[in-house]
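Right, one structure below, let's go through it.
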Amino acid sequence: MSPLSACLVLSCLLFACGLGAVLIRRNAIVVLIGIELMLNAANLNFVAFWRYGPNPEALTGLMFALFALAIAAAEAAVGLALIIAVYRRHRSSDVDAADELRG
Amino acid sequence: MTGSGILQGLAETAKNFVGSFTHPAENLATIEYPEQRQKLAENTRQFPFLVFDGTDPEAGLRCVACQICEKECPPQCIYIIKSKAKKPDFVGKPQFFPAVFDIDLSVCMSCQICVEVCPFDAIKMDQDFELATSDRFQGLLFHKDRLAKPNSHFQKIHPTEAGETDTRRAADLEKAQAAAAKAAAAAAASAKPVATPANSPEAKNPPPASPAAGTPPM
Amino acid sequence: MNTLDQLPETLKDHVVGVFPAGLQPWISALLAIGALCAIFPALFALTTVLERKILGRIQNRPGPNRVGPAGFLQFAADGIKSLTKEDIVPRNADRLLHFLAPLVVVIPPLLAFSVLPIGRNLVALDLPETGLLFFFAVGASVEVGVFMAGWSGGNKYSLLGAMRALAQLISYELPLILSALTVVMLTGSLSLVAMVEKQSAVQVAGLHAWNLFTPWGVVGFLIFLTAAAAEANRSPFDLPEAESEIIAGYFTEYSGFKFALFFLGEYLGLFAVCGLGITLFLGGWLPPFTWLNWIPSWLWFFGKLGALIFFFIWLRGTLPRLRMDQLMQFAWTFLLPLTLINAFVAGLWHFTADWNVLFRWALSAGLLAAAYVALSRPFARAFPRRTYRFAP
Amino acid sequence: MSVLFVLLAGLTLGAAWAAVTLRNLVHAALCLIGSLAGLGLIYIQLDAEFLGLAQILVYVGAVAILIVFAVMLVRGTEPLVGRLSTSPWLGGAITVLLAALLLWAVSKSPRLRAPTPPAPTVTVKAIGQQLTRDYVVPLQGIGLLLTAATLGAALIALPRRGSNPPSTPP
């Protein structure tokens with residue numbers, strides 16, 4: 001069980017937690033928490049491969065993780081703004097409530 | 001300029017701060033009780049006390065147990081039991097005196113009505129406020145011995161009022177003595193045409209006409 | 001000079017030397033932690049008394065002088081009082097969060113102290129790469145504690161107080177970080193030890209090159225102090241615990257020892273931010289003049305810390321509290337733009353290094369003054385000076 | 001596979017699992033903060049110090065407060081009524097299937113047998129130079145994106161002028 005595989009296992013499990021939250025839970029906030037977890041799991045992969053990869057001096061993995069960090073923060077902000085707007089329209093933060101477009 | 005208000009404020013507080021060290025007398029306004037005490041205004045009043053003349057609180061007590069103050073007191077916190085015996089008052093006229101004179105200070109509201117209605121200047125308002133006690137029931141129920149204070153104390157705390165009272169009492173004393181002397185002379189004159197031996201017993205203890213005790217100025 | 005200056009270091013080496021080699025790193029770490037956790041809470045105790053005495057003197061009264069000599073045992077009295085007070089937890093409070101919140105508010109400032117260079121090589125945790133980032137990362141986690149405190153009490157007012165405190169902390173964190181970045185830009189490294197090193201260059205008449213002695217340094221330091229006052233909920237920005245409006249803000253539901261912990265956390269936050277300000281702008285442990293370095297370096301650090309604490313107490317005795325909208329408008333429309341302009345001017349200062357000193361100063365100072373006036377006009381118009389009928 | 005790593009991984013996983021399963025939203029948000037902080041510490045343990053501290057600063061400092069504010073505004077603090085989800089089995093099956101697939105792929109891949117290379121020395125100067133040399137365009141892009149995201153979020157969340165004030169739920 002080399003440290004790299006340990007990191008990968010951890011990120012798989014984190015990703016599973018995030019995906020489970022997105023698919024199963026009905027509350028919009030928990031869906032967003034799930035998305036955050038998935039993004040961070042991917043970030044962990046980048047850092048793990050950068051650290052245990054062939055030439056760490058290239059810093060590519062690290063830079064990618066840095067940019068992903070910034071994007072995840074921006075995404076969280078926009079996501080929460082959407083949740084508040086949906087809540088104001090439908091009066092509930094339940095994901096299944098917003099289903100007017102259904103045929 | 002936006003920042004100028006802040007700078008003026010800081011300068012002001014700095015002046016106060018430095019001033020409190022350089023000349024504390026003007027700047028520090030605090031009177032550090034109990035070491036330093038504030039001079040009380042003259043007619044400050046806390047709770048009543050009984051005045052007695054001379055040195056013996058029993059004999060010199062001015063109170064004649066007329067119980068006017070007991071009736072007048074709004075919260076009814078004065079309790080007097082009149083004694084059967086009599087003792088001569090400051091003009092020598094035998095008067096009753098209170099065997100028991102209690103004031104419940106926890107009830108008293110310092111309204112000074114008892115002082116105003118007392119015809120004999122026997123009760124005045126004291127300025128002593130450090131009466132804290134841990135005994136809730138008997139601690140603030142003062143008896144006659146604790147209430148009686150000499151006339152000198154009264155002069156110390158209320159100098160002007162004490163002065164007026166003393167002059168008035170002195171005037172009453174002279175009037176009473178003059179009346180007594182006149183009565184003695186009259187008795188001697190009426191006794192002389194009958195026989196000289198008759199005047200000796202009256203002269204010794206002339207029945208002093210009861211002095212028209214001047215009602216104290218309202 | 002050197003013995004006294006390096007006294008803490010040599011002392012630690014002696015003590016660590018006693019232990020077997022295997023244990024030595026742990027022991028030296030433990031000693032450093034022990035020293036930090038002893039010095040700053042002691043400074044907290046002293047500051048509570050100093051604060052009340054100085055505020056008293058500002059308001060023409062002597063301040064506490066009953067407990068201990070001239071009142072300096074007052075902190076023991078306050079400590080015992082808060083320890084013996086009953087610790088009430090409201091019924092519908094979230095017990096776990098209610099218990100955790102004070103810890104999350106007190107521990108980060110203690111962590112932040114480890115990065116500050118207190119003396120000539122007296123820094124508990126020397127992070128050559130990311131010293132300042134560690135300080136801000138740890139400082140940012142106080143907000144989670146503030147929210148936990150406000151929410152867990154189950155009381156609407158404390159939640160409102162927590163919201164206000166969070167809004168203030170976040171909107172003033174930006175100017176704080178950006179004015180610190182200005183110094184990082186010119187020092188070229190995030191390590192606080194390197195920053196102090198850079199300021200030790202001797203310019204003219206034996207004067208150490210503190211960052212304060214540059215136009216962008218003065219403005220940066222003032223911005224840093226304003227943001228630090230807001231970050232530590234001090235003086236004009238102490239809205240979150242404004243007794244008059246919302247009782248005690250986010251720690252309304254706390255009593256006894258937990259309340260004292262919040263009090264401690266707040267003061268430790270103030271010391272941490274002041275320590276950073278000293279390291280960034282006032283040359284850390286450097287004496288102003290080189291011929292003054294016979295005074296030990298850690299004494300300089302704590303002397304400057306005392307001066308800054310006095311300044312904050314003095315500010316508290318002077319300025320009234322800001323309203324919420326003034327607070328936010330001041331942060332976003334005045335402080336933040338000024339910080340950005342200051343960063344630009346610092347860059348300019350760096351590239352005009354070979355100019356004549358006078359021109360260089362005139363250019364930078366002129367730009368900053370113009371920016372200050374331009375930015376303060378809309379702010380002053382938004383909040384006109386109040387005119388009173390009778391007061392002057 | 002040092003003890004510290006196992007500890008941090010346990011903390012992160014436990015907090016992540018709690019974040020998705022807890023009914024009380026505020027607890028879920030705080031557990032998310034715990035797991036993200038744990039992840040930051042793992043980055044530091046992987047010698048990515050700058051990224052680990054940046055992660056703590058960005059997530060624990062800002063995004064966590066964002067999520068918690070959203071929980072407050074959406075009145076998520078009332079206890080959840082009804083079942084956690086309408087179709088738990090379908091979602092659960094997909095998740096487990098995917099996790100199994102990933103884990104199988106991880107255990108099979110040949111690279112994992114390679115010896116662990118020495119710790120690279122990451123200097124902030126190197127990161128800075130990379131950012132301003134090779135990644136200049138993405139850096140400006142990120143700046144643009146963040147500004148757009150902030151303005152967009154603010155506009156979406158602001159109530160429309162003249163729209164009816166949010167009435168209390170029926």
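The structure presented is a predicted model; accordingly, all values stated were derived computationally and were not measured. All chains are named by letter (A, B, ...) in the order of the sequence lines, taking the proteins before the strands, and each is independently numbered beginning at 1.
The local environment of CZ in C/R66 is crowded, with over 12 non-hydrogen atoms from other residues, nucleotides or ligands closer than 6.0 Å. For B/K182, the NZ atom sits in a loose shell: 12 or fewer heavy atoms of surrounding residues, nucleotides or ligands are nearer than 6.0 Å. For B/Q38, the CD atom counts as loosely surrounded, since its 6.0 Å shell holds 12 or fewer non-hydrogen atoms of other residues, nucleotides or ligands. Summarising the local packing, NZ of C/K85 is surrounded by 12 or fewer heavy atoms from other residues, nucleotides or ligands at distances under 6.0 Å. Other residues, nucleotides and ligands place more than 12 heavy atoms under 6.0 Å from the CZ atom of C/F379. Residue C/F344 qualifies as open at atom CZ: its count of foreign heavy atoms under 6.0 Å is 12 or below. For CZ of C/F263, the number of neighbouring non-hydrogen atoms (other residues, nucleotides, ligands) closer than 6.0 Å is 12 at most. Environment of CZ in C/R377: sparse, with no more than 12 heavy atoms of neighbouring residues, nucleotides or ligands closer than 6.0 Å.
Separating the CG atom in B/N27 from the CD1 atom in C/I58 is a distance of 12.5 Å, to the nearest 0.5 Å.
Residues of residues 8-25 of chain B placed with any heavy atom under 4.5 Å of a heavy atom in chain C are listed by number as B/Q8, B/G9, B/L10, B/T13, B/A14, B/N16, B/F17, B/S20, B/F21.
Top candidate by heavy-atom pairs under 4.5 Å with chain B, chosen from C/L315, C/L319, C/T318, is C/T318.
Closest heavy-atom contact between C/R57 and B/L28: NH1-CD1, 3.5 Å.
In this structure, the portion of C/Y372 lying under 4.5 Å from any heavy atom of chain B is its side chain and not its backbone.
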